[in-house]
Amino acid sequence: MGTRAGGRRTGPKCVAIVGPFASGKTTLLEAIVARAGAIPRQNVVGSGNTVGDSSAEARAHAMSVEATVATVDFMGEQITFVDCPGSVEFSFEAQPILAACDAAIVVTENDEKKIPALQLIMRKLDDLGLPRILFLNKIDRSAAGVRDTLKLLQPVSETPLLLRQIPLRRDGIVVGAIDLALERAYVWREHAPSEVTEIPDDEKGREVEARFSMLETLADHDDHLMEQLLEEVAPAQDEVFDDLAADLRDGNVTPVLIGTAEKGNGVLRLLKTIRHDVADVEATRKRLGVTESAGTIAQVMKTIHTAHGGKLSVARILSGAVNDGNELTLPDGGTARVSGIYRLLGKDQAKLSSAKAGDTVALGKLEGARTGQTLGSGKNAATQLVEATPSQPVFAIALRPRERKDDVKMSAAIQRLAEEDPSLAVAHQDTGETILSGHGEMHLRVTVERLDGKNQIPVEQGTPAVPYRETIRKAAQQRGRHKKQSGGHGQFGDVVIEIKPLPRGSGFQFTDTITGGVVPKTYIQSVETGVRDFLKTGPLGFPVVDVAVNLSDGSYHSVDSSDMAFQMAAKLAMKEGLVACSPVLLEPIMKVQIFTPSDATAKITGIVPQRRGQILGYDARPGWKGWDVVEATMPQSEIGNLIIELRSATAGVASYQASFDHMAELTGRLADDVMNSARGKAA
């Protein structure tokens with residue numbers, strides 16, 4: 001018997017289900033919980049009756065928009081499965097989850113269009129060092145052979161894809177699978193245990209060849225097995241299973257199993273592989289650097305705000321134990337008391353009194369705890385194990401409650417949604433609008449639907465304002481005199497200012513060259529205040545930048561002059577003077593890096609000029625085989641819905657990063673449109 005794997009790990013396990021959009025992840029979760037006996041039968045995804053149909057938004061859009069947690073008992077062992085959304089727009093959901101899992105099931109199919117999305121997922125698993133099993137789904141619909149499919153998929157995997165099963169065909173139709181480790185054939189029966197049978201004679205040659213290929217790959221990490229193969233000695237079956245488990249846990253291979261989740265086919269073999277081969281929390285602790293003496297450590301994977309039960313923090317207990325009523329230490333040193341411990345099966349909850357190492361549970365009302373945080377026990381905060389930092393948002397909308405009275409309610413609801421989904425970014429503008437940013441149009445559409453449906457707060461949405469500015473092209477001198485007599489003390493202020501343009505990016509400068517006290521020093525500050533106040537909205541309707549103003553002359557009245565009078569005089573001078581300085585509109589230009597599969601680079605370089613962008617160059621994306629980085633500059637006004645076009649051109653996987661580069665003059669019809677729009681809003 002082999003000893004490399006150290007035997008089967010029997011502790012509670014946590015396994016993520018990941019894969020490209022529409023690959024069948026939620027269907028697989030439903031098949032798993034049905035086969036484990038947690039529900040009476042496998043229901044159809046989208047029916048509203050399944051474990052994975054966790055929200056109205058998921059059903060409305062026929063896609064997973066948040067992770068679903070389901071804990072089952074299988075053959076006496078506890079396994080938690082976490083179904084993660086497949087769309088790149090909701091991909092951040094998986095980041096804090098994967099870090100605390102023991103392994104991942106990667107669900108995919110023979111579809112070349114989904115290869116880029118699969119590559120993103122596999123790279124994330126590689127970065128985390130997380131063992132994974134690839135489940136080749138919808139095998140009954142695939143006309144291609146599994147070897148051809150593996151050739152298609154292998155370039156996206158850093159580790160060898162190790163075929164553990166091959167299809168059993170009758171009359172060209174896949175009716176089951178041949179297990180290469182067990183050397184046994186299984187004829188599938190829909191939503192029922194398979195029929196075990198001998199390998200047909202006409203399949204034996206193919207099975208022998210495929211099994212030898214599997215053993216050759218395993219022998220790369222087992223010298224004894226290599227010697228056996230060279231000497232043509234058949235290895236013992238338990239030694240083969242030991243190698244399979246050891247190489248999966250060590251990340252040497254990615255085992256490939258086949259099936260059709262919709263019919264429950266291949267699911268039992270997948271469950272048994274997880275039970276036998278996947279390591280438990282002990283290996284995850286080692287990967288994350290958690291010592292056995294660390295005390296109680298809980299990693300928060302997800303935050304849920306329920307309608308009646310309040311806040312739930314879904315957490316993996318990495319070490320120690322948590323009892324109901326325990327206090328856990330937050331990263332900032334504060335504490336939060338556990339008020340309820342629950343085992344989850346989708347929306348269903350089962351109350352527990354405690355949770356031990358390896359368990360994945362929901363902890364009730366942990367105020368202050370956030371997704372991705374590491375919680376500890378005792379006086380000292382635990383070392384943070386995971387850096388759950390979302391990438392830069394790529395899409396934004398401006399929100400305003402339909403009813404003004406809902407303003408405070410909307411802010412509180414958005415705060416809760418951002419707590420559930422840390423990839424949302426929220427900013428508040430002086431205009432009263434709330435700018436909500438995220439990772440795509442659907443991402444924000446679902447968020448708005450939750451505001452309306454889950455929180456009963458109807459909102460209006462629009463396009464966020466672009467921060468246009470204006471500046472001047474030439475210098476001018478202007479006098480401004482404010483004089484008013486209305487009985488008693490009057491108002492008098494008189495200034496002469498010189499206005500001139502500054503280099504782009506200089507901002508604003510104020511100086512004075514007053515001599516002889518024609519404007520007393522006490523009023524010079526008032527003049528600057530008036531000038532600055534006027535620059536907030538220039539003659540074109542936008543803040544004025546890159547301007548220098550010098551106070552050169554003026555006069556005052558010993559009785560009627562005042563701070564306010566000189567402010568008014570300065571504003572009058574600026575109002576007339578800036579018009580004479582040839583004002584011009586400025587628009588922000590962004591530096592953009594677009595990340596795209598190489599076969600779509602030509603499309604991307606065609607999109608950029610259509611949005612008034614300028615290509616600076618493109619090159620291979622460092623460390624990403626088959627990907628490029630396109631660098632360009634582009635007006636901020638053209639970036640608003642850029643991500644929609646980029647993803648349309650790249651099967652949904654392109655992304656970008658943008659940062660401010662410079663301000664540039666905007667003239668002609670485009671400038672007129674901007675100014676007319678600003679006047680319309682002001683009116």
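We count residues from 1, following the sequence as given. Owing to the predicted nature of the structure, the values given are computational and were not obtained by experimental measurement.
Asn265 and Glu190 form no side-chain donor-acceptor contact under 3.5 Å, judged by distance and modelled atom types alone. Remark: the His305 side chain and the Glu419 side chain contain an N/O donor-acceptor pair separated by less than 3.5 Å. Side-chain contact annotation: Thr303 with Ser313, donor-acceptor N/O pair under 3.5 Å absent. Side-chain polar atoms of Glu89 and His439 form no donor-acceptor pair below 3.5 angstrom. Side-chain atoms of Asn110 and Arg141 form no donor-acceptor pair, as typed in the model, at a separation below 3.5 Å. Side-chain atoms of Gln299 and Thr374 include a donor-acceptor pair closer than 3.5 Å. Under 3.5 Å, the side chains of Asp324 and Ser353 contain no donor-acceptor pair of N or O atoms. A donor-acceptor pair shorter than 3.5 Å can be found between the side chains of Gln119 and Trp627. Using a 3.5 Å distance cut-off with no hydrogens or angles, the side chains of Thr108 and Ser23 do not pair a donor with an acceptor.
Minimum heavy-atom separation, Leu161 to Leu150: O-CD2, 3.7 Å. Nearest heavy-atom pair across Ser319 and Ala357 is CA-CB, 4.0 Å. Among all heavy-atom pairs drawn from Ile341 and Leu363, the shortest one is CG1-CD2, 4.0 Å. Scanning both residues, Thr284 and Ala100, for their nearest heavy atoms gives CG2-O, 3.9 Å. What you find for Leu130 and Ala103 is that their closest heavy atoms are CD1-N, 3.9 Å.
For Gln165 (side chain) and Gly176 (main-chain N/O), no donor-acceptor pair under 3.5 Å exists by modelled atom type.
Exactly one of Val82, Thr80, Ile105 qualifies for a side chain to side chain contact (heavy atoms under 4.5 Å, CB included) with Val15. That residue is Ile105. A side-chain hydrogen bond (donor to acceptor under 3.5 Å, both in side chains) with Asp277 is found for one member of Lys272, Arg9, Arg249, Arg164 and no other, namely Arg164.
For residues 251-289, the set of pairs meeting the ring pair (Phe, Tyr, Trp, His ring centres under 6.0 Å) definition, not counting sequence neighbours, comprises Phe241-His276. Under the ring pair (Phe, Tyr, Trp, His ring centres under 6.0 Å) criterion, the residue pairs touching residues 85-128 are Phe90-His443, with sequence neighbours excluded.
Rounding to the nearest 0.5 angstrom, the gap separating the CD1 atom in Ile397 from the CZ atom in Arg445 is 10.5 Å.
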